[in-house]
Amino acid sequence: MSELLAARGAGLNTSASQVDQARILDNLVHNLQGMAYRCLNDSEWSMIFVSQGCHDLTGYYPEELLPGGSITWERMTHPDDRGPVRTRITAHFAVGRRFDVQYRIVTRTGQVRWVAERGIVVADERGRPVIEGFVEDVTERRATIMALAQAEQRYRHIFEHASEGIFQSSKEEGYLAANLALARMYGFESPEALISNLSDIGHGLYVDPAQRTLFVELMETQGKVEDFESEVYRRDGSRIWISENARAVRDAQGRIICYEGTVHDITERKRYQEELERQANHDQLTGLPNRNLLNDRLSQAIFHADRHEQMMAVVFIDLDNFKFINDTLGHAAGDELLVEMGRRLSTHLRSADTVARQGGDEFVLVLNEHQTPDTVISLLERMVDLIGQPIMLGGRELQVGASMGVALYPQDGRDAETLLKHADVAMYAAKGHGKNNYKFFTPEFNAVASERMHLEAAMRLGLEQGEFSVNFQPKVDHLRRIVGVEALARWQHPEMGAISPDRFIPVAEESGLIMQLTEVIARQAFAAAATWPRVRGRVLPVAVNLSPKLFMDRQIVDRVHSWIDTEGVLPEQVELEITESIFLHDQQRAQYILKAFKELGVSLAMDDFGTGYSALSYLRHYPLDTIKIDRSLVVDIETREDAAMIARAVVSLGKSLRKTVVAEGVENPAQFDFLRFQGCDEFQGYLFSRPITAEAIHRLLLDTRGQLTQL
Ligand code: C2E
Ligand code: CA
Ligand code: CA
C-alpha cells in the first residue's frame with residue numbers, strides 16, 4: 001500500500017486541489033465493489049497495492065495480501081485455474097495489451113467464488129513493469145448467465161425436438177422459423193424445405209385459403225388464436241387436420257413483428273369425431289341417414305321450399321311382406337333385403353333429395369324442388385317399379401313390394417312432424433289398397449295419380465295397338481294461301497274416346513313414352529307429307545312438335561334423320577317446333593342439337609312464343625327460322641291493350657331479326673286483320689281450318705290448290 005499511501009502523504013504537502021484529487025481518488029478506489037490492485041509479475045503475483053474492497057471479495061484484509069502477509073494472490077487462485085490464468089495474462093503481458101479473464105478464487109472461509117479480472121501492464125515510477133487491474137466478484141452474474149444459457153439451450157432443444165410443430169411466421173414473409181416436427185407434419189424433410197416451399201401460406205397450406213385471412217385477422221384483433229382448427233395440405237397433396245395456438249409478437253411500439261405458435265395434428269381426433277357423428281346420424285345397417293338426420297333434412301327442406309315458394313314431398317315407405325321374409329328366411333336375409341332396398345332407393349334420387357331409414361322396414365324420402373305433384377308421381381312410379389325388381393335372398397329369387405304415403409308441403413302440413421304423420425297416414429291407406437302402391441294424403445292428388453297411372457298404362461297399350469294418329473292444321477299467308485301444315489297428335493281410345501294432347505302429352509313426357517309417341521307421329525306426318533301435291537310449284541312444309549324432354553337424348557338428331565329418310569320426305573320440307581324450355585337446362589347442349597338439326601336441312605320454329613321466360617337473347621343466338629306467337633296473346637288482342645301491344649312488339653322484333661312470324665289460334669277476322677296489318681307473315685287457327693285428318697288435308701290441297709276461302 002506504500003505507493004498510493006505515499007502519494008497521499010505527499011499530497012498533503014502540496015496544493016489544496018492536489019489533496020482533494022488524491023482524496024477523491026482514494027475514496028473512490030477504496031469504496032469500489034471489487035478490488036483494485038497493483039502487483040508484480042512474479043510467481044506469487046506479489047501485491048504492491050490492494051484496495052479495501054479486498055476484504056469483501058476474499059475475506060482477507062489488504063495487509064494480509066501485501067508482501068510478508070499470510071497469503072498471496074497465486075495461492076488464493078483456485079488450484080485448477082492457476083495455470084490457465086497465468087498463461088492468459090502472460091500472453092497479454094508480452095504484447096502489452098489489456099487482459100480480461102474469469103476464474104475462481106478460494107476465500108478465507110474456503111468458499112469458491114468466480115471473479116473477473118481486468119488489467120494492464122504498466123511501468124511503475126521506477127520503470128519496473130507492474131500489473132494494475134481490478135478484480136470483481138461475478139459469481140452471481142455468472143450463475144444468471146449460465147442459467148440463461150441453459151434455458152436457451154433447453155428452449156432450442158424443446159424447439160428442435162418437440163413433438164408438436166412450432167413456428168414463427170409473419171403476414172408478409174410467410175414462415176420465419178419452423179421446427180423439425182412441423183416440417184415432418186407437413187411432409188417436408190427439413191424446416192428449411194418447409195420455409196422455402198411454403199411461401200404462400202394461404203394457398204400453399206390451407207385447403208380453404210380464407211383460413212389464413214381469418215388467422216391474420218384474429219391476430220390483429222385479438223393478438224392470438226386458440227385451438228384454431230383447419231384442414232391443410234401436406235406436401236404430397238394429402239390432407240390433415242391441425243389445431244394451432246399462436247400469439248402475436250409485438251415491438252416496443254406495439255406493432256406486430258411476427259406470430260409464433262404451436263401446431264398439433266388432430267387428424268385422428270377429427271376422424272374419430274366424424275365417425276361418431278356419422279354413427280349418431282346414420283343407420284348402422286344401411287348407412288342411410290337415420291331419424292336424427294332426417295329431422296334435420298326435413299327442416300332444411302321446409303326452409304328451402306318456403307324461400308323458393310316451391311312444394312316439397314315427404315314419402316313414407318313401408319316394405320310389404322318384410323315380416324314374412326324375416327321370419328321365414330331369417331334375420332340375415334331380412335338385413336340384406338333392407339340394405340338392397342336402401343341402395344335402390346338412393347341411386348334413383350337427386351342429390352338434393354334424401355332417403356332415410358326410419359326404423360324397421362320403414363324408409364322416408366324427402367323430395368325437394370319438385371314443381372308439381374306430377375313429377376312426384378312419376379318418381380313414385382319409378383320407385384314402385386324399382387322396389388318390385390326381383391332380388392336374390394337366401395338362394396331364392398323374391399319379389400317385394402312397398403306401400404308409400406305422400407304428404408306435400410305446404411298443403412298437407414307446415415312442420416316436419418305433421419308432414420311425417422300425414423305421410424304415415426297416407427301409407428296406411430296405401431296398404432289398405434292392396435299394397436305395392438302409393439297414396440297421397442290429400443285425396444285430390446290420389447285422383448290425379450290414379451288417372452295418370454291409368455293413362456300411362458293405356459298409352460303403352462295404345463301405342464302398341466295403333467290408337468294414335470295425326471291431324472293436320474294448315475298455316476296460311478296474308479292472302480289465306482296455304483304455306484304450311486302442322487302435325488298434331490290424336491289419340492282415340494276404344495273406351496275413353498278421344499283424349500286431348502293436353503292430357504296425354506304430359507303423361508308421355510313424365511313416363512318416358514314421349515320418344516315412342518314422337519316417332520309414331522313424326523313418321524305418319526312425314527309419310528303423308530311425302531305424298532302431298534305441290535302447291536304453287538312448291539312442296540308444302542310439314543311441322544312436327546318436339547317435346548323439350550327429347551333434348552335429353554343426344555340421339556334425337558339421328559332419329560329424326562332416319563325417320564325423314566325412311567318416310568321419303570325432303571329435309572327442306574320438314575319444320576321442327578320447339579319451346580323455350582330447352583334453353584333452361586343445358587344451353588350448350590341445346591345449341592349443339594339445334595345446329596345439328598340445321599345441318600340436316602330442316603327448319604326450326606319457336607313454339608308458344610310469349611308465354612315462357614322469353615329471354616329474347618336466344619332469338620339472336622340460336623338458328624331459329626320461325627317464331628310462333630302463342631294463342632293466349634292472339635285471343636286477347638281485341639280486348640286487351642297490353643296483349644295487343646305485346647303481339648305488336650313480338651311481330652316487329654321477329655321482323656327485325658328476319659324471322660318468319662306466325663300467329664297461332666286466329667279465330668276471327670278482327671284478329672287476322674290486326675296481325676296482318678302489323679306485318680305478321682303467317683296465320684294458323686280455326687278461322688282458316690281446324691286440325692283435320694290426313695285424307696282431309698290431302699283432299700283440301702287438291703281441291704283448293706292451296707287457297708282457303710276467298711278474301
Ligand atoms: P300447339 O303446338 O300450340 O298446337 C296448337 C294447338 O292449338 C292445337 O291443339 C290446335 O288444335 C289448337 N288450335 C289451333 N287453332 C286454334 C284456334 O283457332 N283456337 C283454339 N282455341 N285452338 C286452336 P291440340 O291439337 O289440342 O294440341 C295441344 C298441344 O299439344 C299442342 O299445342 C302441342 O303443344 C301438343 N302436341 C300436340 N301434338 C303433339 C305432338 O305430336 N308432339 C308433341 N310433343 N306435342 C304435341
Ligand atoms: Ca306446335
Ligand atoms: Ca303453339
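Only this structure's heavy atoms are used, side chains among them; waters, hydrogens and symmetry mates stay out. Position 1 is the first residue of the sequence; numbering continues from there. The shown structure was predicted, so the numbers you read here are calculated from the model rather than taken from an experiment. Atoms within a ligand are numbered from 1 in the order they appear, just like the ligands themselves.
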Any non-hydrogen protein atom below 4.0 Å of atom 9 (O) of ligand 1?
no

Lys/Arg-Asp/Glu bridge criterion (N-O < 4.0 Å) met for Glu456, Arg460
yes

Considering only protein heavy atoms, which is closest to atom 38 (N) of ligand 1, and at what distance to one decimal place?
Ala489 N, 3.0 Å

Proximity of Arg631 to ligand 1 by residue part, where a heavy atom lies under 4.0 Å:
side chain

Steps toward salt bridge (charged side-chain N to carboxylate O under 4.0 Å, His left out) verdict (Glu567, Arg523)
CA-CA 6 Å; Glu567 302 307 331; Arg523 290 177 72 151; 2.9 Å; yes

In this structure, does ligand 1 have an atom that sits under 4.0 Å from one of the heavy atoms of Ser500?
no

Give a yes/no verdict on whether any heavy atom in Arg490 is under 4.0 Å from an atom of ligand 1.
yes

Go through ligand 1 atom by atom and flag the ones less than 4.0 Å from a non-hydrogen atom of Ser547.
44 (N)

Distance only, no hydrogens: is a donor on one side chain within 3.5 Å (strictly under) of an acceptor on the other, for Asp306 and Tyr409?
yes

Going by the order shown, which atoms of ligand 1 are within less than 4.0 Å of some heavy atom of Glu486?
2 (O), 4 (O)

Output yes when a protein non-hydrogen atom is found under 4.0 Å of atom 22 (N) of ligand 1, and no otherwise.
yes

Write out the residue and atom name of the closest protein heavy atom to atom 15 (N) of ligand 1, then the distance separating them to 0.1 Å.
Gln473 NE2, 3.0 Å

Contact between Leu550 and Arg559 at the side-chain level, heavy atoms closer than 4.5 Å - yes or no?
no

Cut-off 3.5 Å, no hydrogens considered: what does the side-chain donor-acceptor table look like for residues 677-693, sequence neighbours left out?
| unit_1 | atom_1 | unit_2 | atom_2 | d |
| --- | --- | --- | --- | --- |
| Asp681 | OD1 | Lys655 | NZ | 2.7 |
| Asp681 | OD2 | Lys655 | NZ | 3.3 |
| Asp681 | OD2 | Val661 | N | 2.7 |
| Gln684 | OE1 | Lys628 | NZ | 2.9 |
| Gln684 | NE2 | Gln473 | OE1 | 2.9 |
| Gln684 | NE2 | Glu486 | OE1 | 2.7 |
| Thr693 | OG1 | Ala696 | N | 3.2 |

Going by the order shown, which atoms of ligand 1 are within less than 4.0 Å of some heavy atom of Val666?
18 (O)

Closest approach of Ser581 and Pro548, non-hydrogen atoms and distance?
OG-CG, 3.2 Å

By atom name, which N, O or S atom of Glu486 is the nearest to the Ca ion (ligand 2)?
OE2

Contact with ligand 1 for Glu664, non-hydrogen, under 4.0 angstrom
yes

Shortest non-hydrogen pair, Asn368 vs Ala352, comes out as ND2-O, 2.7 Å

When only distance counts, is Pro501 in polar contact with ligand 1, meaning an N/O pair under 3.5 Å?
no

Step by step, work out the salt bridge (charged side-chain N to carboxylate O under 4.0 Å, His left out) result for Arg481 and Asp477.
CA-CA 5 Å; Arg481 294 177 303 195; Asp477 65 8; 2.9 Å; yes

Report the part of Pro691 (side chain from C-beta onward, or backbone N, CA, C, O) that has a heavy atom under 4.0 Å from ligand 1; answer both or neither where that applies.
side chain

How far is atom 28 (C) of ligand 1 from its nearest protein heavy atom, and which residue and atom is that?
Asp502 OD1, 3.4 Å

Test of understanding: given a 4.0 Å heavy-atom threshold, classify the contact between Ile521 and ligand 1 as side chain, backbone, both, or neither.
side chain

Closest candidate by heavy atom, reference atom 44 (N) of ligand 1, pool Asn545, Leu687, Asn471
Asn545

Identified side chain to side chain contact (heavy atoms under 4.5 Å, CB included) partner of Phe609 from the options Ile629, Val650, Val662, Asp630
Val650

Judged on heavy-atom distance to atom 18 (O) of ligand 1, which of Phe468, Phe688, Phe683, Tyr686 sits nearest?
Tyr686

Mark yes when over 12 heavy atoms from residues, nucleotides or ligands other than Met496 sit less than 6.0 Å from its CE; otherwise mark no.
yes

What protein heavy atom is closest to atom 5 (C) of ligand 1, reported as residue, atom name and distance in Å?
Leu488 CD2, 4.2 Å

For Glu664 against Val634, the heavy-atom pair lying closest together:
O-CG2, 3.2 Å

Starting from atom 20 (C) of ligand 1, locate the nearest protein heavy atom and write down its residue, its atom name and how far away it is, to 0.1 Å.
Glu667 OE2, 3.2 Å

With no hydrogens and no angle check, just 3.5 Å: does a side-chain donor-acceptor pair link Thr442 and Gln411?
no

Under 4.0 Å and counting heavy atoms only, is there anything from the protein next to atom 32 (O) of ligand 1?
no

Compare all side-chain heavy atoms of Asn545 with those of Leu488 and state whether any distance is below 4.5 angstrom.
yes

Is there a side-chain contact between Leu653 and Leu657 (heavy atoms, below 4.5 Å)?
yes

Side-chain donor-acceptor pair present, Thr660, Asp625, cut-off under 3.5 Å:
no

Ring-plane angle category for Trp491 and Phe468, please: parallel below 30°, perpendicular beyond 60°, tilted otherwise.
parallel

Among all the protein's non-hydrogen atoms, which is closest to atom 46 (C) of ligand 1, and how far away is it?
Ile505 CD1, 3.7 Å

Taking a cutoff of less than 4.0 Å between a non-hydrogen atom of the residue and any ligand atom, is Asp608 in contact with ligand 1?
yes

For the residue pair Val406 and Ala426, what are the closest heavy atoms and their distance?
N-CB, 3.7 Å

pair Tyr438-Val315: side-chain heavy atoms closer than 4.5 Å:
no

Show all protein N/O/S atoms under 3.0 Å from the Ca ion (ligand 3), or state that there are none.
Asp607 OD1, Asp608 OD1, Glu664 OE1, Glu664 OE2

Using a 3.5 Å cut-off on N or O atoms only, is Asp607 in polar contact with ligand 1?
yes

